[in-house]
Amino acid sequence: MRDELKPLSAGSRNTFGGWAATLIDSLDTLWIMQLEEEFEEAVAAVVELDWANTTESAVNTFETTIRHLGGLLSAYELSQEPMLLAKAVELGEMLYFAFDTSTRMPPFWLDFEKAKNGQLTPDSHEPSASAGSLSLEFTKLAQLTGDSKYYDAIARVTDLLAENQGSTKLPGMWPTFIDFRDKIFDQENTFCIGALADSLYEYLPKMYYLLGGLEPLYEKLYRHAAETINDHILFRAVLPGSPDILFPGAVTVEEHGLSYNPEGQHLSCFAGGMFALGGRLFNNPEHVEIGMKITNGCIYAYDAFPVGIMPEIFSMMKCDSRQDCPWDEARWQREGNESLPKGFRGARDPFYILRPEAIESVFLVYRITGKSEYVDAAWRMFESIQQATETEYGNAAIDDVTVKGQPTKRDSMESFWMAETLKYFYLIFSSPDVISLDEYVFNTEAHPFKVSR
Ligand code: DMJ
């Protein structure tokens, strides 16, 4: 009933309130894998959970929403086990307090004492993904309970994002940090779709889909954001053989113009699936193509490093043109790093902490295009991950994917290791009242998508 397994020592640690984060995050996986006894045992344990029983004085609003609330809701959607919904409502009621602030914007930390006394304040420097990606879970909770207050809470965040989308320093995107206290969006100058910002963008097309296309705002937000990301964030890297693939980097808006940082992140790999899904939902084949190129970038990086996995953060040589990008040996000699694969300049964070984004995009792109090369890529990635991370008790984060040989393992296994990859797909695709999955998104001829229970 602790949050995380320590996969080397078989110990455990509490990182998210002590409410069995891994067990909850893994419920949908247990169901999908048809591990019935384990699922029933886990549900029984969830029922016993007491949200009031924590040694923490505050919890992370975003993490508790995506890991616990998302985990409960997706498992409920799959199993229709009423106790899971009851538990999700209990938690939803607690998290709803986060919106009880002067601007109705939820703070990063849900401080229990402050919440009890009506003293929560919105943050003046909050990661955009934090308040920006509570929407799927709260919307799903509203749909399942019929209580619109949960939807109302996140709709206020969406409306604020919409009001300010065109007036940031990089119109179309929101800065990585936002002042939700004074609702200021036009001062911060750093923009990316990696750490701290990622799921804000990821949720836009998924929200459109979850609402059955009935709220056109999400399409509008997605289209504008995706256009800006395409124009300013995605880059083609100078690589041997000149593969036509893309990576998301980061931009700082300076007085004199945009300063570009060609740094890729494992976290940004979700964007392959996002573009492919957005392209399919909004009839934009160019975006499906972009989604494939970003996903191919992630696959390339997995294949390039000796362990067969991409680092958390790495930098490359950016091409001036996305059309024509020949390999440049002389530039590589000047700017490159000899200890890394050709084309890579550095690996600021060489670790891998069992993140799902890259394979998640491969999965989505495969389902959308039906191209079997993605099945092969997924299997290679999966095998490399197993090979490098498997332990007697689970799977462990590793220190460095850039060096040959068996990497050093860390005694850490985040709850998302057994979750997420399918969580959001079930969370959004299993509502009976949304546009038909078979007709609209998946290429079912390529691979029928069925849950047989
Ligand atoms: C997850 O905790 C969330 O999906 C978050 O939005 C970003 N990615 C991590 C897992 O890598």
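All figures in this text were calculated on a predicted structure; none of them were measured in a lab.
More than 12 heavy-atom neighbours from other residues, nucleotides or ligands sit within 6.0 angstrom of CD on Gln333. Within 6.0 Å of CG on Asp182 lie more than 12 heavy atoms contributed by other residues, nucleotides or ligands.
For the pair Thr402 and Leu340, the minimum side-chain heavy-atom distance is below 4.5 Å. Taking 4.5 Å as the limit, every side-chain heavy atom of Pro407 sits out of range of all side-chain heavy atoms of Asp399. Between Phe247 and Ile294, the closest side-chain pair of non-hydrogen atoms is not below 4.5 Å. Between Phe16 and Thr64, the closest side-chain pair of non-hydrogen atoms is not below 4.5 Å. Put simply, the side chain of Glu219 does not reach to within 4.5 Å of the side chain of Leu221, judged on heavy atoms. Looking at Met316 and Glu263, their side chains never come closer than 4.5 Å, going by heavy atoms from C-beta outward. In this structure the side chain of Phe282 reaches within 4.5 angstrom of the side chain of Tyr208, judged on heavy atoms. Counting heavy atoms from C-beta outward, Ser102 and Pro122 have side chains that approach closer than 4.5 Å.
In this structure, Ala225 and Gln165 approach most closely via the heavy-atom pair N-NE2, 3.4 Å. The shortest non-hydrogen separation linking Ser242 to Pro326 is OG-CA, 3.5 Å. Residues Trp332 and Asn337 come closest through the heavy atom pair CH2-O, 3.2 Å. Closest of all the heavy-atom pairs between Ala115 and Leu110 is CB-CD1, 4.0 Å. Between Asp411 and Lys6, the closest heavy-atom pair is OD1-C, 3.1 Å. For the residue pair Lys409 and Ala388, the shortest heavy atom distance occurs at CE-O, 3.4 Å.
Ring orientation note: the planes of Phe177 and His125 are close to parallel, at an angle under 30° on the 30°/60° scale. Ring-plane geometry between Tyr222 and Phe275 is classed as perpendicular, the angle between the planes exceeding 60 degrees on a 0 to 90 degree scale with a lower cut at 30.
The aromatic ring centroids of Tyr374 and Phe363 lie 6.0 Å or more from each other. Taking the six-membered ring for Trp and the full ring otherwise, His266 and Tyr352 have centroids separated by under 6.0 Å.
We find that Asp123 and Arg181 are not joined by a salt bridge, their nearest charged nitrogen and carboxylate oxygen being 4.0 Å or further apart. Using a 4.0 Å cut-off between charged side-chain N and carboxylate O, Lys342 and Glu329 make a salt bridge. Ion pairing of Glu202 with Lys206 is present here, as a side-chain N (NZ or NE/NH1/NH2) and a carboxylate O approach within less than 4.0 Å. Salt-bridge annotation for Glu289 and Lys293: absent, with no side-chain N of the basic residue lying under 4.0 Å from a carboxylate O of the acidic one. A salt bridge does not link Arg13 with Asp3: none of the charged nitrogens is closer than 4.0 Å to a carboxylate oxygen.
In this structure, a donor-acceptor pair under 3.5 Å is present between the side chains of Thr15 and Glu4. Side-chain atoms of Arg345 and Ser315 include no donor-acceptor pair closer than 3.5 Å. Remark: the Arg322 side chain and the Asn230 side chain contain an N/O donor-acceptor pair separated by less than 3.5 Å. Using modelled atom types, one finds a donor on one side chain and an acceptor on the other under 3.5 Å when comparing Ser133 with Ser199. Side chains of Asp179 and Ser124: no donor on one and acceptor on the other come within 3.5 Å.
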Original post:
When you look at Ile398 and Thr408, which way does the side-chain contact (heavy atoms from CB on, under 4.5 Å) test go after all the steps?
Top reply: CA-CA 6 Å; Ile398 51 175; Thr408 306; over 6 Å; no
Subject >> Chi angles and distances behind the salt bridge (Lys or Arg N to Asp or Glu O under 4.0 Å) call for Arg223, Glu227 >> reply: CA-CA 6 Å; Arg223 281 184 187 275; Glu227 194 184 297; over 6 Å; no
Subject >> CA sep, side-chain torsions, deciding dist, call: Tyr150, Thr139, side-chain contact (heavy atoms from CB on, under 4.5 Å) >> reply: CA-CA 6 Å; Tyr150 303 116; Thr139 300; over 6 Å; no
**OP:** Begin with the C-alpha distance, continue with both residues' side-chain angles, and end with the deciding distance and a verdict on side-chain contact (heavy atoms from CB on, under 4.5 Å) for Glu188 and Thr176.
**Re:** CA-CA 8 Å; Glu188 293 284 336; Thr176 308; over 6 Å; no
**OP:** Take Trp417 and Arg355, measure what side-chain contact (heavy atoms from CB on, under 4.5 Å) needs, and give me the verdict at the end.
**Re:** CA-CA 7 Å; Trp417 164 244; Arg355 290 197 186 281; over 6 Å; no
**OP:** May I have the step-by-step check of ring-ring contact (aromatic ring centres under 6.0 Å, His included) for Phe344 and Phe305, ending in yes or no?
**Re:** CA-CA 10 Å; Phe344 291 85; Phe305 285 90; 4.7 Å; yes
**OP:** Carefully, step by step, assess Glu414 and Arg67 under the rule salt bridge (Lys or Arg N to Asp or Glu O under 4.0 Å).
**Re:** CA-CA 11 Å; Glu414 290 259 9; Arg67 297 183 197 235; 3.1 Å; yes
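When atom types are taken as modelled, the side chain of Gln265 and the backbone of Leu267 share no donor-acceptor pair closer than 3.5 angstrom. Side-chain atoms of Thr61 come within 3.5 Å of backbone N or O of Phe108 as a donor-acceptor pair.
For the atom pair OH of Tyr209 and CZ of Arg280, the computed distance is 11.0 Å after rounding to the nearest 0.5 Å. In this structure, CD on Glu63 lies 9.5 Å from CG on Asp25, to the nearest 0.5 angstrom. Once rounded to the nearest 0.5 Å, the distance linking CG of Asn60 with CH2 of Trp109 reads 5.0 Å. The structure places CD1 of Ile193 at 8.5 Å from OH of Tyr201, a figure rounded to the nearest 0.5 Å. Atoms CG and CG, on Asp186 and Leu170 in that order, are 13.0 Å from each other to the nearest 0.5 Å. Rounded to the nearest 0.5 angstrom, Leu196 CG and Ile178 CD1 are separated by 11.0 Å.
Each of Val157, Asn164, Thr158 was compared with Leu160 under the side-chain contact (heavy atoms from CB on, under 4.5 Å) criterion, and only Asn164 meets it. If you run side-chain contact (heavy atoms from CB on, under 4.5 Å) between Asn296 and each of Ile245, Val362, Leu246, only Ile245 comes through. The one candidate from Tyr96, Phe62, Phe99 that meets the ring pair (Phe, Tyr, Trp, His ring centres under 6.0 Å) condition with Phe138 is Phe99.
Under the salt bridge (charged side-chain N to carboxylate O under 4.0 Å, His left out) criterion, Asp231 pairs with no residue, sequence neighbours left out. Looking at residues two or more places apart in sequence or on another chain, you find no side-chain hydrogen bond (donor to acceptor under 3.5 Å, both in side chains) involving Lys183. Scanning for side-chain hydrogen bond (donor to acceptor under 3.5 Å, both in side chains) contacts around Asp152 gives Arg156, with sequence neighbours left out.
Figure legend: Arg348 and Phe314 shown without cation-pi pairing, the cationic atom not lying both under 6.0 angstrom from the six-membered ring centre and within 45 degrees of its axis. Geometrically, Lys169 does not engage Phe191 in a cation-pi contact, judged by NZ or CZ lying under 6.0 Å from the ring centre and within 45° of the ring axis.
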